[in-house]
Trainee: 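Sharing a structure below in structure tokens format, with a few things to ask.
We count ligands from 1, going down the list as the structure has it; atoms in each ligand are counted the same way.
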Amino acid sequence: MIRLLCHILSLLVTAHTSAVKNCHPGCHCEVEHFGQFDSFSLTRVDCRGLGPAHSMPVPIPLDTTHLDLSSNAMGPLSDAMLTGPGYTTLISLDLSSNHITKVSPNALSRLRYLENLDLSDNSLESLSSRALSGLPLAEVDLSYNSFQNFDMDVFATKVNGEPVIVDLSHNQIRSISRGDRRGGVPLIQSLSLTANRLTDVPALEGLPLRYLNLDDNPISSIREGAFGQLKDLVHLSLSGMSGLREIQPHCFKGLQSLQVLDLSGNPELKTLSLAIFTGLDSLQELNLSNSGVTSLPGDMLARLPSVKSIALGQGIRCRRTQKQGQFHWQLGQVTHNEVLSCNVEGVVL
Ligand SMILES: *[C@@H]1O[C@H](CO)[C@@H](O)[C@H](O)[C@H]1NC(C)=O
């Protein structure tokens, strides 16, 4: 195992870059080679801010894997804007800050290896369920748009109802593969919907999400069952929601893998019932800083068996600690009591 790790490390360390022929004026192109015989390569093309009048598609080198087209005032994304030889091999595409109001259903359909899509800081109100279908997306950033609701059907890897089988045999990069790429299975692991106009937690049940960010949305109440069974979710951020007043009991119930829950910066959130924490068996970090919650029930630890630290107020940090063990005569052994101890007195009730 260690030898294998060393081998992988040596492969990574030997990475080097080279220039690219045929780089479009105004873009910056770079090929990164790695592997013992330079057997792997990534081609990164940076065409940020080419100027508003620049015509699309921008020609890019063959085998481009990473493309940054941010800040180009592209407007509505049409079927023709992302076409050409280099586009079909893209793994990562940045379309942020482009005044995109619409994504035509086939605008992205040729990008059949696309794992990482950044559409942040645009003016999207919706996405057609076909716009992302068939793409092996793992990470999608839709923050700073205008979604009022969000339909998870966009992540179904199906075209016309048929599962898409992606042929990976001709692409070396695919050998660093992740997850299950068979058709029909959504692969999305990370989704940001920060700073949209969502008034409710969108239904995302059944997606294999590990990271979800809903910060800064006009959500006033988080209802029971809101997160369904997002059983792979590790990190959930629900912060900066100035209108959030209520979190109903059992609303995090299915989140059995959740390690980090960020509820910071929610000033109207004043009380938390203990029943909110039902089912959060893996939770390690709870962030309530700058929220309306100023004290914690002392028996919280019983509900949160894995919690290590809780932040609240301004700079108050509480940690799970063991009280001095006492010899328990009946059990004939030393028992340890776990308590929350904070850097400020009077927080734990
Ligand atoms: C809690 O959230 C605040 C505000 O978002 C952030 O500054 C702080 O670093 C977080 N604390 C922890 C322990 O994650």
Side-chain angles (χ1 to χ4, degrees), residues 96 118 120-121 139-145 147 189-202 204 209-222 226-227 230 232-247 251-252 255-274 276-277 279-322 338-349:
S96 62
D118 188 346
S120 64
D121 190 23
E139 205 171 316
V140 174
D141 190 345
L142 295 170
S143 59
Y144 298 89
N145 275 283
F147 287 92
Q189 300 207 337
S190 167
L191 175 64
S192 176
L193 282 161
T194 300
N196 275 276
R197 297 183 191 159
L198 300 173
T199 51
D200 243 322
V201 174
L204 300 166
L209 284 174
R210 294 171 58 79
Y211 175 91
L212 175 63
N213 192 322
L214 297 172
D215 292 357
D216 200 2
N217 274 287
I219 296 175
S220 58
S221 169
I222 295 179
F227 295 97
L230 290 177
D232 300 311
L233 199 66
V234 172
H235 189 127
L236 175 60
S237 195
L238 299 168
S239 111
M241 296 204 249
S242 54
L244 183 64
R245 287 166 198 280
E246 180 195 31
I247 297 184
C251 77
F252 301 125
L255 306 182
Q256 63 194 48
S257 307
L258 197 70
Q259 292 179 17
V260 179
L261 176 58
D262 191 345
L263 290 169
S264 64
N266 297 320
E268 295 302 320
L269 188 64
K270 310 261 194 234
T271 53
L272 293 178
S273 80
L274 270 182
I276 287 171
F277 301 112
L280 291 179
D281 291 348
S282 306
L283 194 72
Q284 297 186 12
E285 274 192 52
L286 175 62
N287 192 343
L288 288 164
S289 54
N290 302 312
S291 74
V293 180
T294 50
S295 60
L296 299 170
D299 42 356
M300 210 163 163
L301 288 184
R303 294 285 176 137
L304 297 172
S306 309
V307 85
K308 293 186 175 142
S309 95
I310 302 176
L312 78 169
Q314 257 108 39
I316 303 175
R317 285 294 284 261
C318 304
R319 292 176 184 284
R320 175 194 294 269
T321 49
Q322 280 191 351
E338 296 204 308
V339 291
L340 267 178
S341 60
C342 311
N343 57 358
V344 173
E345 299 273 323
V347 173
V348 180
L349 303 177

Trainee: Can you tell me if Ser289 contacts ligand 1 (heavy atom of the residue under 4.0 Å from the ligand)?
Mentor: yes
Trainee: State the CG-OG distance between Asn145 and Ser120, to the nearest 0.5 angstrom.
Mentor: 7.5 Å
Trainee: When rounded to the nearest 0.5 angstrom, what distance separates CG in Leu340 from CD1 in Ile310?
Mentor: 4.5 Å
Trainee: Please report which non-hydrogen protein atom sits nearest to atom 13 (C) of ligand 1, along with the residue it belongs to and the distance in Å to one decimal place.
Mentor: Arg317 NH1, 3.4 Å
Trainee: Would Ser239 count as being in polar contact with ligand 1, using the rule that some N or O on each side must be under 3.5 angstrom apart?
Mentor: no
Trainee: From atom 5 (O) of ligand 1, is the closest protein heavy-atom distance below 4.0 Å?
Mentor: yes
Trainee: Nearest 0.5 angstrom please: Leu233 CG to Ser190 OG, how far?
Mentor: 10.0 Å
Trainee: Report yes if some N/O of Asn290 lies less than 3.5 Å from some N/O of ligand 1; otherwise report no.
Mentor: no
Trainee: Return the residue, atom name and 0.1 Å-rounded distance of the protein heavy atom closest to atom 12 (C) of ligand 1.
Mentor: Asn287 ND2, 3.3 Å
Trainee: Any chance you could lay out the side-chain contact (heavy atoms from CB on, under 4.5 Å) test for Met300 and Leu272, step after step, and finish with the verdict?
Mentor: CA-CA 11 Å; Met300 210 163 163; Leu272 293 178; 5.6 Å; no
Trainee: Enter the distance from Phe252:CZ to Ile276:CD1 here, rounded to the nearest 0.5 Å.
Mentor: 6.5 Å
